[in-house]
Novice: 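Questions regarding the structure given below will be posed in turn.
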Amino acid sequence: MVAVNFPPADQGFAVLVDIDKCIGCRACQLACKDWNGLAPVKTTFSPTFTNPQSFTAQDWKVVFYYEGAAKKGLATPAGEVVFEQVDVAPLPAQCLHCAAAPCARACPSGAISVTPEGAVVINKDQCIGCGFCENACPYDVPRRGSDGKYYKCTFCVDRIQNGREPACVEVCPTGVFTFGPASQIVQMAQSEAAKGRTVYGLNLNPYVGGQVRWIYVSSDRKAFAIKQHFPSDAVVPTNEAREVLQEIVPPLALVGAVALTAVGFASWRRARIEEQKSQQKQKEQ
Amino acid sequence: MSSVNSEKEEVEVASMGYRISHQINLVLITLLAITGSMLLFPGLMSWLSYAVGAPLAAFLGSPYPTSVGEELARTSHRFLADVWGVFLIVYAIYLLVFRRIRVFDALRKPLGDQIREARALADHYILGKPLPDDVASSLERHNILVAYMTVVLVVGIVLLSASGVLMVYSTYLGLTEGSYRLLLLLHDLGFYLVLLFIFAHLFAVLHPSNRPLLVAMFSYGRIPLEWARRHMPRYLRHVKGGGS
């Protein structure tokens, strides 16, 4: 009833996000709100262009803007001059749809399911608002709504199941997102990595299943955005410890209970024999 | 709290208040453990979530009885914890003010004696070996193993209650996600410690050596004087000497 079946990482669908192509227009952010009927959220000032400053229950896709030093080359008559310059890199982010989503493992009510397409989806009618998914997510994605339930990107599974691409993928004017079968996208990401580009989403911690379905690639110029946005290790150590204990404790408790029952039973038996012996002695006297 | 009745050859080891407190603890900790386990081990406990959620789900018209059961467990866990918290605070104040705490008396012994007593008791309870005379004659109202397990229980309850309260009010207290995650882990650890205590406690009270104590706790609180002489001689001397 609360078991989760994860489709193999090379099955279902995936998306390759090439942030070198992103111009930060936020069309994807808007398309997400439009398709999913999400209400507008009051904006706030922040040191960056990012708005809202992170995910909300009404903002499942947010374009984050990062500043970093990027190496640039300038062709001069004397040859190429390489120098460092501060650059701004937009990074469109949403739920990464982990291959073995820790949020789905953590959900006690079975509200988070994984579809055969690989989409990790919260069923709000089943959500009890406990926040275990938020606690388990290494990417800080699920957010509590005003109704106490949790919300996040659905991978537009309703569109995928009807033969369409996710709304954000379809709307992007510069082709940042490449949507396709997971095996194909993983191959593309691997070939990008072989070319020396920075790739995030493959060979991750087993906590997330070793891989996510939204894989990011970038050149050195914008790699700082990936490094700043994603944790170096895709794991929540406290929740990982909880999961280990949850695996260990029930069998240990069972073994302990059986052992103590056996010892207790032996003690009762011994006491009974001694009692019978003393009764027999009394009779003999 | 305790008195010796020489005519009936009995000694009181559990007063009325102590027994009532024990029953309240018993009920509340059982309910808290069950509702908590439904959240901690949803896979193992989903049958119970389904069973308790199905009637309410039918009433609400929800097609998800397991989710309704989990919701019921979550809300009742918080409510029961509040009730238990209030009870524990009141009871702890009573014990401290009236100096009724005797469970840690055995910890006053030198460490070497404590270890010797613990070994002798383990041999007695598990292997059925008789207690050495010097160990038997120095036994308090609660032996050293009980004192150790009570320390485990107190640490477990402190972890459970502190982390539980902080998690419930995390939004108002402005706790970070990292703090919340740590609190959840500490809450789990607290539960496992309490579970360890419950196992040891159940084993001890169901052991044939301690049958009079079990009967006393669930009846009129008295044990035979002869049994007390063998199992808690030091305490008996203390009671006869007029101590509380």
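Below, read A as the first sequence line, B as the second, and so on, with proteins coming before strands; counting in each chain starts at 1. Excluded from the calculations below are hydrogen atoms, water molecules and symmetry mates; all remaining heavy atoms, backbone and side chain alike, are included. Everything numeric in this text was worked out from a predicted model, so none of it was measured.
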Novice: Can you tell which of B/F41, B/Y180, B/Y192 has the highest number of heavy-atom pairs within less than 4.5 Å of chain A?
Specialist: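 Most pairs with chain A among the choices: B/Y192.
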Novice: Select one option (side chain, backbone, both, neither) describing which atoms of A/A266 are under 4.5 Å from chain B's heavy atoms.
Specialist: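 For A/A266, no heavy atom lies under 4.5 Å from chain B.
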Novice: side-chain contact (heavy atoms from CB on, under 4.5 Å) with B/M38: which of B/L44, B/T66, B/L48?
Specialist: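 Testing B/M38 for a side-chain contact (heavy atoms from CB on, under 4.5 Å) against B/L44, B/T66, B/L48 leaves exactly one candidate, B/L48.
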Novice: Would you verify whether the NZ or CZ of B/R19 falls within 45 degrees of the ring axis of B/Y220 while also being under 6.0 Å from that six-membered ring's centre?
Specialist: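 No, B/R19 and B/Y220 do not form such a contact.
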Novice: Do other residues, nucleotides or ligands put more than 12 heavy atoms under 6.0 Å from the CZ atom of B/F218?
Specialist: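 Counting other residues, nucleotides and ligands, CZ of B/F218 exceeds 12 neighbours.
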Novice: With a 4.5 angstrom heavy-atom cut-off, could you sort out which part of A/A111 is near chain B: side chain, backbone, both or neither?
Specialist: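 Neither part; nothing is under 4.5 Å.
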Novice: What I want to find out is whether A/R105 reaches A/E243 closely enough, with some N-O distance under 4.0 Å, to be called a salt bridge.
Specialist: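 Yes, this pair counts.
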Novice: Indicate yes or no: at least one non-hydrogen side-chain atom of B/E70 is less than 4.5 angstrom from one of B/R74.
Specialist: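 A side-chain contact under 4.5 Å is absent here.
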Novice: Pick one of side chain, backbone, both or neither for B/L195, based on which atoms fall under 4.5 Å of a heavy atom in chain A.
Specialist: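 Side chain only.
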Novice: Which bit of A/R270 comes within less than 4.5 Å of chain B, counting heavy atoms only: side chain, backbone, both or neither?
Specialist: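 For A/R270, side-chain heavy atoms alone lie under 4.5 Å from chain B.
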Novice: Look at the side chain of A/R143 and the backbone N and O of A/F55, then say whether any donor-acceptor pair between them is shorter than 3.5 Å.
Specialist: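 Side chain of A/R143 to backbone of A/F55, a donor-acceptor pair under 3.5 Å: yes, one is there.
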Novice: Run the salt-bridge test on B/R229 and B/E226 with the 4.0 Å N-O cut-off and return the result as yes or no.
Specialist: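 Counted as a salt bridge, because a side-chain N and a carboxylate O are separated by less than 4.0 Å.
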Novice: Is A/N135 close to chain B through its backbone or its side chain, or both, or neither, when contacts mean heavy atoms under 4.5 Å?
Specialist: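 Both parts, backbone and side chain.
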Novice: If you count every heavy atom of other residues, nucleotides or ligands that lies below 6.0 Å from A/E247 atom CD, does the total exceed 12?
Specialist: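 No, because the 6.0 Å sphere around CD of A/E247 holds 12 heavy atoms or fewer from other groups.
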Novice: Check each atom of B/R181 against the heavy atoms of chain A and say whether the ones under 4.5 Å are side chain, backbone, both or neither.
Specialist: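 Its backbone and side chain both get close to chain A.
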Novice: Flag the one option from B/I126, B/L185, B/T75, B/L127 with the top tally of heavy-atom pairs under 4.5 Å to chain A.
Specialist: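 Result: the option with the highest number of such pairs is B/L185.
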Novice: Please look at A/N123 and chain B and tell me whether the side chain, the backbone, both or neither of the residue comes under 4.5 angstrom of a heavy atom of that chain.
Specialist: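 Answer is side chain: those atoms of A/N123 sit under 4.5 Å from chain B.
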Novice: Given heavy-atom pairs under 4.5 angstrom as the criterion, report whether the side chain, backbone, both or neither of B/F199 touches chain A.
Specialist: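 Contact with chain A is through both the backbone and side chain of B/F199.
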Novice: What part of B/L189 lies closer than 4.5 angstrom to a heavy atom of chain A: side chain, backbone, both or neither?
Specialist: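 Only the side chain of B/L189 comes within 4.5 Å of chain A.
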Novice: Heavy-atom distances under 4.5 Å only: say whether A/F132 touches chain B with side chain, backbone, both or neither.
Specialist: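 Contact with chain B involves the side chain of A/F132 alone.
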Novice: Highest number of heavy-atom pairs under 4.5 Å with chain A: which of B/L184, B/L186, B/L202, B/L182?
Specialist: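 Ranked by contacts with chain A, first place is B/L184.
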Novice: Answer yes or no: is there a donor N or O on one side and an acceptor on the other, between the side chain of B/R141 and the main chain of B/V13, under 3.5 Å?
Specialist: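 Pair found, side chain donor or acceptor close to backbone of B/V13.
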